[in-house]
Number of protein chains: 2
Amino acid sequence: MATGHIPEATVARLPVYLRSLTELAAAGDATTSSDVLAERAGVNPAKVRKDLSYLGTHGTRGVGYDVRHLTFEVSRALGVANTWPVVVCGLGNLGRALAKHTGFTERGFPVVAAVDIDPAITGTTVDDVPVHSPDQIAELVAAHGVAIGVIATPGNAAQETADLLVAAGVRSILDFSSTVVTVPDHVEVRTVDLSTELQILGFHLHQDLPPEVGKTP
Amino acid sequence: MATGHIPEATVARLPVYLRSLTELAAAGDATTSSDVLAERAGVNPAKVRKDLSYLGTHGTRGVGYDVRHLTFEVSRALGVANTWPVVVCGLGNLGRALAKHTGFTERGFPVVAAVDIDPAITGTTVDDVPVHSPDQIAELVAAHGVAIGVIATPGNAAQETADLLVAAGVRSILDFSSTVVTVPDHVEVRTVDLSTELQILGFHLHQDLPPEVGKTP
DNA sequence: GCTTGTGAAGAGATTCACAGCA
DNA sequence: TGCTGTGAATCTCTTCACAAGC
């Protein structure tokens, strides 16, 4: 199958496959199979094969996939050859951790700047990342070719921050702020809400509990 | 409809609705509608109505939903009345930020302890959260009734940490480690992988680029 | 009037199961 | 023989569209 449209659900799994492939290569494996990849990625083997078929891959029937070649194909599909500079907005506990996180740069997402409203820290650096004031977002985006804005501000500043990022031309936002930000259609937002994740886990813990009495007071 | 099984996709949206309802109540609104909730949650109004119908809600046709009552029903469905103590494993940049994060306690997920392998910090505290060594996980879980383990260790320690948590009786894990951890069926794992999120955004940025030349070298 | 609640249709993702081929 | 690639079946989630009812 030729490289056409790749389903979202598949896109979300490609980074996991890529990581598994890197580990397999490091372990010296030249070939692998959908079973092995599925085991490592924690999914069904048929799903792996279908996912990879969207990339126009060619594994070898009876043998499996060439690790090096598949790594190349997954990498190309994800566009990991590109570097997308990131600006982190909001330097609370989480923002600071994200600004310091070295894994981002390794994967092609260098944190080129941070932004915070506190004048006491603008002008300083956090692990070599310069801290600027929010009204410099447009300049920063232009100067560094920033592609992705990370919002780690308190909830009440999130929309405002998103507006600044969008106005500056950023087309992708990763939002940690526990709020729903509204952006134009051409901007993609992914939300990571840590409290929501815990609440989902809490829901299932709660469900497993014996039924309560007095459900309707 | 009576409170029966609630679809996963719905469960994942309930915390967002709950937050919207809290804001509406704070703003003094006594009633609201699926349109308003949909707007705030960034979803389709029909989805809101269908989601709420799983809770066995009773809005009023022609009027809408009573904010107070709906808040109560969503809260009950999520089980937010419960408190689920959390232990944070791994005190790197991210683990430290999570241990300090005050929003968790506010939502019923107090961080009662942290765990790290570095003997230099065991015995200390991070924002009043005591730091212990990993071999004390079982004790900590038993002593505090820990329900949820957060894994913020480097990838190579994640599985080992998960095993300790599971052995100690933890039934829910929130994994930030960029690895797939394997656990028994009765344990629920949710994975939050920051690099993967960026890679998904990168994929779409890359897709919007003009087609490259030399796709197959 | 206006908004809920819900069958039914539609879209998307997952899984099965087996033909195809090294 | 063994593993891929994929049509078909299935399941899940979303969206439509409208009857029900204040």
Side-chain angles (χ1 to χ4, degrees), chain A residues 1-17 20-21 24 29-71 73-74 77 180 200 203-204, chain B residues 1-17 20-21 24 29-71 73-74 77 180 200 203-204:
Chain A
M1 189 209 222
T3 307
H5 177 254
I6 304 179
E8 264 311 296
T10 296
V11 173
R13 281 186 294 268
L14 292 182
V16 183
Y17 298 149
S20 301
L21 286 166
L24 289 168
D29 293 12
T31 64
T32 189
S33 67
S34 59
D35 273 22
V36 170
L37 284 171
E39 159 101 45
R40 293 200 168 239
V43 300
N44 181 300
K47 203 187 298 198
V48 172
R49 294 199 296 277
K50 184 142 293 217
D51 283 343
L52 296 181
S53 80
Y54 292 117
L55 311 188
T57 56
H58 282 289
T60 311
R61 293 168 200 244
V63 178
Y65 299 94
D66 180 74
V67 170
R68 232 174 71 82
H69 182 65
L70 190 56
T71 302
E73 295 204 272
V74 175
V180 175
I200 294 169
F203 169 83
H204 293 291
Chain B
M1 191 207 222
T3 307
H5 178 255
I6 302 180
E8 265 311 296
T10 295
V11 172
R13 282 187 294 268
L14 292 181
V16 184
Y17 299 149
S20 302
L21 286 165
L24 289 168
D29 294 11
T31 65
T32 189
S33 67
S34 58
D35 274 21
V36 169
L37 284 170
E39 159 101 44
R40 291 199 170 240
V43 300
N44 181 300
K47 203 186 298 198
V48 173
R49 294 200 295 278
K50 183 139 298 213
D51 283 343
L52 296 181
S53 79
Y54 292 117
L55 311 188
T57 56
H58 283 289
T60 311
R61 293 168 200 242
V63 178
Y65 299 93
D66 180 73
V67 170
R68 232 173 73 80
H69 182 64
L70 190 56
T71 302
E73 294 204 272
V74 176
V180 176
I200 294 169
F203 169 82
H204 292 291

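Order of the sequence lines fixes the chain letters, A, B, ..., with proteins taken first and strands second; residue numbering starts at 1 for each chain. Predicted, not measured: the structure shown is a model, and the values here were computed from it.
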Task: Sequence-distant partners of A:Arg13, salt bridge (charged side-chain N to carboxylate O under 4.0 Å, His left out), two or more places apart - done: A:Asp51
Open item on the list: Measure CZ/A:Arg13 against P/C:dA13 and give the value in whole Å, please.
Closed with: 9 Å
Open item on the list: Between P on D:dG5 and CG on A:Leu55, what's the gap in Å once rounded to a whole number?
Closed with: 10 Å
Task: Residue B:Ser34, side-chain heavy atoms: nucleotide from C:dT14, D:dT4, C:dT4 that is nearest - done: C:dT4
Open item on the list: Tell me the interatomic distance from A:Asp66, atom CG, to C:dA22, atom C1', rounded to whole angstroms.
Closed with: 15 Å
Open item on the list: Could you tell me how far apart B:His5 (NE2) and D:dC13 (P) are, to the nearest whole angstrom?
Closed with: 8 Å
Open item on the list: Could you tell me how far apart A:Leu70 (CG) and D:dT4 (P) are, to the nearest whole angstrom?
Closed with: 10 Å
Task: Summary of protein contacts for nucleotides 15-22 of chain D, nucleotide by nucleotide, where a base hit scores B, a sugar-phosphate-only hit scores S (4.0 Å, heavy atoms) - done: BBB-BBBB
Task: Rounded distance (nearest 0.5 Å) linking atom NZ of A:Lys50 with atom CG of A:Leu52 - done: 12.0 Å
Open item on the list: Using every non-hydrogen atom in the two residues, find where B:Val74 and B:Leu21 come nearest and quote the distance to one decimal.
Closed with: CG2-CD1, 4.1 Å
TODO: Return the set of residues passing side chain to side chain donor-acceptor pair (under 3.5 Å) with B:Ser34 (not counting sequence neighbours), or none when no residue passes.
DONE: B:Arg49
Task: Atom of A:Val16, atom of B:Val180 and distance for their closest heavy-atom approach - done: CG1-CG2, 4.0 Å
All N/O donor-acceptor pairs, side-chain side in residues 36-48 of chain A, below 3.5 Å, sequence neighbours left out:
{"unit_1": "A:Arg40", "atom_1": "NH1", "unit_2": "A:Glu23", "atom_2": "OE1", "d": "2.8"}
{"unit_1": "A:Asn44", "atom_1": "OD1", "unit_2": "A:Ala46", "atom_2": "N", "d": "2.7"}

- [ ] Could you tell me whether the phosphate oxygens of D:dG5, OP1 or OP2, come under 4.0 Å of any side-chain nitrogen or oxygen in A:Tyr65?
- [x] yes
Task: Interatomic distance, B:Asp51 CG vs C:dT6 P [rounded to whole Å] - done: 13 Å
TODO: Could you name each residue pair satisfying salt bridge (Lys or Arg N to Asp or Glu O under 4.0 Å) that touches residues 56-66 of chain B, not counting sequence neighbours?
DONE: none
- [ ] Round to the nearest Å and state the distance from A:Leu37 atom CG to D:dC3 atom C1'.
- [x] 13 Å
Task: Residue A:Ser53, side-chain atoms from C-beta onward, closest of D:dT4, D:dT6, C:dT4 - done: D:dT6
- [ ] Could you check how far CD of B:Glu73 sits from P of C:dT4, rounded to whole Å?
- [x] 14 Å
